[in-house]
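What you are looking at is a predicted structure, and each value in this text was computed from that prediction instead of being measured. One-based numbering along the sequence shown.
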Amino acid sequence: MESHGAGLQRVLVLAFCVAGIWSAYIYQGVLQETVSTKRFGPDQKRFEHLAFLNLAQNVVCLIWSFIMIKLWSSGNRNGAPWWSYWSAGITNTIGPAMGIEALKYISYPAQVLAKSSKMIPVMLMGTLVYGIRYTLPEYVCTFLVAGGVSMFALSKTSSKTISKLAHPNAPLGYGLCFLNLAFDGFTNATQDSITSRYPKTSAWDIMLGMNLWGTIYNTVFMFGWPGASGFEAVKFCKLHPEAAWDILMYCLCGAVGQNFIFLTISRFGSLTNTTITTTRKFVSIVVSSLVSGNPLSTKQWGSVVMVFSGLSYQIYLKWRKLRRLQKKRKPM
């Protein structure tokens, strides 16, 4: 009975994590799309300063992580020093800014699909720079994802979706997304290097360090000189409180979502977290199509299924590899 109760508790915690990640990030996606495409107020103005979202997100997550460290962290502080995140902070500032900026040029579903193809630059760099050889199933995953994203990009976008974009330009939009992925790759590698040098670094320490530097860099970028775009963004929010509210909710969703991601990784591992976040992206595309009025053609839906088939196969390969490693570690 005790083991049954523990198993039920584990299932309930997992369901709680899934619900938290899905609700936080799906709603954040809706808000991101709203802020980037909606016309606010009687003057019907767009919010053009999308990089301001990153600064606002950095500030909210910085405060949030500081509170979490004070509430939950033990007195023994042996994590990475705050200054060690300066280089990762640069790429973590530039990369997401490009990803958000892409929403001026391509639709939200297109952005989600493009940013789901992280394995493509990873494998490309691994093969060309480091001479890594990948297995046939890994190449199949990459082919499905790359093929799906390419088909989606080449498919005709509905006139309704195009009319909502500030400056429709598919090549520029996809280019920004892939640059976002490249910068994310460097950010992840730098974070891994920091945690290997400072093993006692917690997820909250990383969140605090990354957002501290992100706040510094984005503040300089947005407010570093007279007439910088940050002043215009603040002025827009004062004139259109609805936009300011959407931005605040967007930031809070990101902070809450991080909580659930950390909880999922600590309780169930990174593979479970990858599965949850991957399925969340697919649901986000469905929600965008149904709620936000971004109709997809049959060919585009086929592209979406193709991409997520590749991602699902990749998750299965990781799960199979993990099972093999666990069997090897078991004592005979």
Side-chain angles (χ1 to χ4, degrees), residues 7-8 10-26 29 109-127 130-153 177-178 180-182 184-185 188-189 191-192 203 257-258 260-289 296 299-330:
L8 178 61
R10 187 172 170 82
V11 170
L12 290 174
V13 172
L14 179 61
F16 180 62
C17 290
V18 172
I21 290 173
W22 277 30
S23 56
Y25 285 111
I26 289 172
Q111 185 225 39
V112 172
L113 269 193
K115 290 177 70 175
S116 297
S117 57
K118 188 178 288 188
M119 68 176 74
I120 298 172
V122 169
M123 289 184 69
L124 194 63
M125 291 293 289
T127 303
Y130 300 107
I132 299 173
R133 291 189 177 183
Y134 296 95
T135 63
L136 179 61
E138 287 174 321
Y139 282 115
V140 170
C141 291
T142 307
F143 172 76
L144 286 170
V145 172
V149 172
S150 300
M151 278 176 57
F152 192 97
C177 285
F178 290 126
N180 180 186
L181 292 179
D184 281 353
N188 294 338
Q191 286 179 342
D192 290 342
Q258 285 289 332
F260 283 105
I261 284 177
F262 293 156
L263 177 61
T264 303
I265 292 173
S266 64
R267 293 292 187 91
F268 305 100
S270 59
L271 184 60
T272 301
N273 180 65
T274 301
T275 305
I276 295 170
T277 52
T278 299
T279 51
R280 188 276 304 170
K281 289 175 182 177
F282 182 82
V283 176
S284 290
I285 291 176
V286 175
V287 169
S288 176
S289 178
L296 302 182
K299 188 176 180 181
Q300 285 178 318
W301 276 118
S303 304
V304 171
V305 171
M306 191 173 175
V307 169
F308 284 96
S309 296
L311 295 175
S312 300
Y313 188 35
Q314 184 192 40
I315 291 169
Y316 167 72
L317 293 175
K318 287 181 179 179
W319 173 81
R320 196 172 64 176
K321 184 178 179 180
L322 187 64
R323 287 292 298 268
R324 283 201 299 265
L325 288 172
Q326 288 172 341
K327 285 180 180 179
K328 285 181 182 179
R329 288 172 185 167
K330 283 184 180 179

Do Ser117 and Phe178 have side chains that approach each other closer than 4.5 Å (heavy atoms only, starting at C-beta)?
yes
Testing Val18, Ile21, Thr274 for side chain to side chain contact (heavy atoms under 4.5 Å, CB included) with Thr264, which one passes?
Ile21
Ignoring hydrogens and geometry beyond distance, is a side-chain donor-acceptor pair present between Glu138 and Thr135 at under 3.5 Å?
yes
Which residue is it: Val283, Ile261, Ile276? I am looking for the one with a side chain to side chain contact (heavy atoms under 4.5 Å, CB included) to Tyr25.
Ile261
Within this structure, what is the CD1-OG1 distance for the pair Ile265 and Thr272, rounded to the nearest 0.5 Å?
10.0 Å
Look up atom NZ in Lys321 and atom NZ in Lys318, then write down how far apart they are to the nearest 0.5 Å.
9.5 Å
Non-hydrogen atoms of Cys177 and Gln111 that approach each other most closely
SG-CG, 3.7 Å
Mind checking the CD1-CH2 spacing from Ile285 to Trp301? Nearest 0.5 Å is all I need.
7.0 Å
Taking all atoms of both residues into account, what is the closest heavy-atom pair of Met306 and Met151, and its distance?
SD-SD, 3.8 Å
So Cys141 and Leu317, do their side chains get closer than 4.5 Å, heavy atoms only?
yes
Looking at every non-hydrogen atom in both residues, tell me the closest pair between Lys115 and Leu181 and how far apart they are.
O-CD2, 3.5 Å
Leu296 versus Phe152, closest heavy-atom pair with distance:
CD2-CZ, 3.9 Å
Considering only heavy atoms from C-beta outward, does the side chain of Val307 approach that of Leu144 to under 4.5 Å?
no
For Tyr139, does the OH atom sit with more than 12 other heavy atoms under 6.0 Å from it, leaving out its own atoms?
yes
Nearest 0.5 Å please: distance from the CZ atom of Phe268 over to the CG atom of Leu14.
4.5 Å
Nearest 0.5 angstrom please: Gln314 CD to Thr142 OG1, how far?
7.5 Å
What are the two closest heavy atoms between Arg10 and Arg267, and how far apart are they?
NH1-O, 3.5 Å
Nearest 0.5 Å, please: how far is CZ in Phe260 from CG in Leu263?
7.5 Å
Before you tell me yes or no, could you show the steps for Val11 and Phe16 under side-chain contact (heavy atoms from CB on, under 4.5 Å), namely the whole-Å CA-CA distance, both residues' side-chain angles and the distance that decides it to 0.1 Å?
CA-CA 9 Å; Val11 170; Phe16 180 62; over 6 Å; no
Is any side-chain heavy atom of Phe308 less than 4.5 Å from a side-chain heavy atom of Val145?
no
Could you tell me which non-hydrogen atom of Pro137 sits nearest to which non-hydrogen atom of Tyr313, and how far apart they are?
CB-OH, 3.5 Å
